[in-house]
Amino acid sequence: GWCDDGSGWNIDSEGRRSDTVRDDDGCSVTTNSDGSQNAWCDDGTSWETDSDGNRTSDTVRDESGCSTRTYDDGSQSGWCDDGSGWNIDSEGRRSDTVRDDDGCSVTTNSDGSESGWCDDGSGWNIDSEGRRSDTVRDDDGCSVTTNSDGSQNAWCDDGSGWETDSDGN
């Protein structure tokens, strides 16, 4: 249930309860039956704790319209209003995603690999060794991927698909 003051509660099918209260800082703080908590605040920040009260993530929002979430293992993810974003794993490997003017989201990874997906259903992948595959959407409702060695595979909306090797067989 929810109340006019922003507080509320939930009981799942296994009887676990969570309670949400609205604090004076403009945050909605939910406490779960195991003691873990999460909060979302009016300023775009948020945080999470585990059942022992240890902070497991913090999210901050900056003036440029980007939110950054940092986890307790040092990893980080970020997303922006313009569709761009990034991820950094606990070992420091980074990937960055940008949205281009052609309606494509392009992700570049720290190992040099890249992938892109576009609103028209097309896309591409380039592995860390430079091998490329391109995917296009055809008029028959199929997504056809052509690999750098000439092999192809397709999957179609009707559930069918096909594959060819580098010789076209």
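The shown structure was predicted, so the numbers you read here are calculated from the model rather than taken from an experiment.
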Counting only N and O atoms by type, is there a donor-acceptor contact under 3.5 Å from the side chain of Asp89 to the main-chain atoms of Gly92?
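Flag set: sc Asp89 to bb Gly92 pair under 3.5 Å.
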
Look only at the side chain of Asp167 and the backbone of Asn169, and say whether a donor-acceptor pair between them is shorter than 3.5 Å.
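Such a contact is absent between Asp167 side chain and Asn169 backbone.
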
Once salt bridge (Lys or Arg N to Asp or Glu O under 4.0 Å) is applied, what residue pairs with a partner in residues 100-109 remain, sequence neighbours excluded?
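Output for this query is empty, none listed.
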
Can you run down the salt bridge (Lys or Arg N to Asp or Glu O under 4.0 Å) pairs that involve residues 79-88, sequence neighbours left out, and say none if there aren't any?
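Every salt bridge (Lys or Arg N to Asp or Glu O under 4.0 Å) pair that includes a residue of residues 79-88, provided the two are not neighbours, is Arg61-Asp81.
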
Note, Thr145 side chain near Trp155 side chain (heavy atom, < 4.5 Å):
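Yes. Closest side-chain heavy atoms under 4.5 Å.
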
Trp9 versus Arg17: any side-chain heavy-atom pair under 4.5 Å?
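Trp9 reaches Arg17 side chain to side chain.
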
Go through the steps for Val106 and Glu114 under the test side-chain contact (heavy atoms from CB on, under 4.5 Å), then give the verdict.
CA-CA 7 Å; Val106 182; Glu114 179 182 287; 4.0 Å; yes

Going from [atom1] on [X] to [atom2] on [Y], what distance comes out if it is rounded to the nearest 0.5 angstrom?
| X | Y | atom1 | atom2 | answer |
| --- | --- | --- | --- | --- |
| Asp34 | Arg16 | CG | CZ | 9.0 Å |
| Ser128 | Asn109 | OG | CG | 9.5 Å |
| Asp72 | Arg55 | CG | CZ | 11.0 Å |
| Gln37 | Ser18 | CD | OG | 11.5 Å |
| Trp79 | Ser77 | CH2 | OG | 5.0 Å |
| Cys142 | Asp157 | SG | CG | 7.0 Å |

Test: side-chain hydrogen bond (donor to acceptor under 3.5 Å, both in side chains). Region: residues 41-50. Which pairs qualify, not counting sequence neighbours?
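Qualifying pairs: Arg22-Asp42, Asp43-Thr45, Ser46-Thr59, Glu48-Ser57, Asp50-Asn54.
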
Would you please test Asp58 and Thr68 for side-chain contact (heavy atoms from CB on, under 4.5 Å) and show each step?
CA-CA 8 Å; Asp58 284 290; Thr68 303; over 6 Å; no

Restricting to non-hydrogen atoms, name the atom on Gly6 and the atom on Thr20 that form the minimum distance, rounded to 0.1 Å.
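For Gly6 versus Thr20, the nearest heavy atoms are O-CG2, 4.2 Å.
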
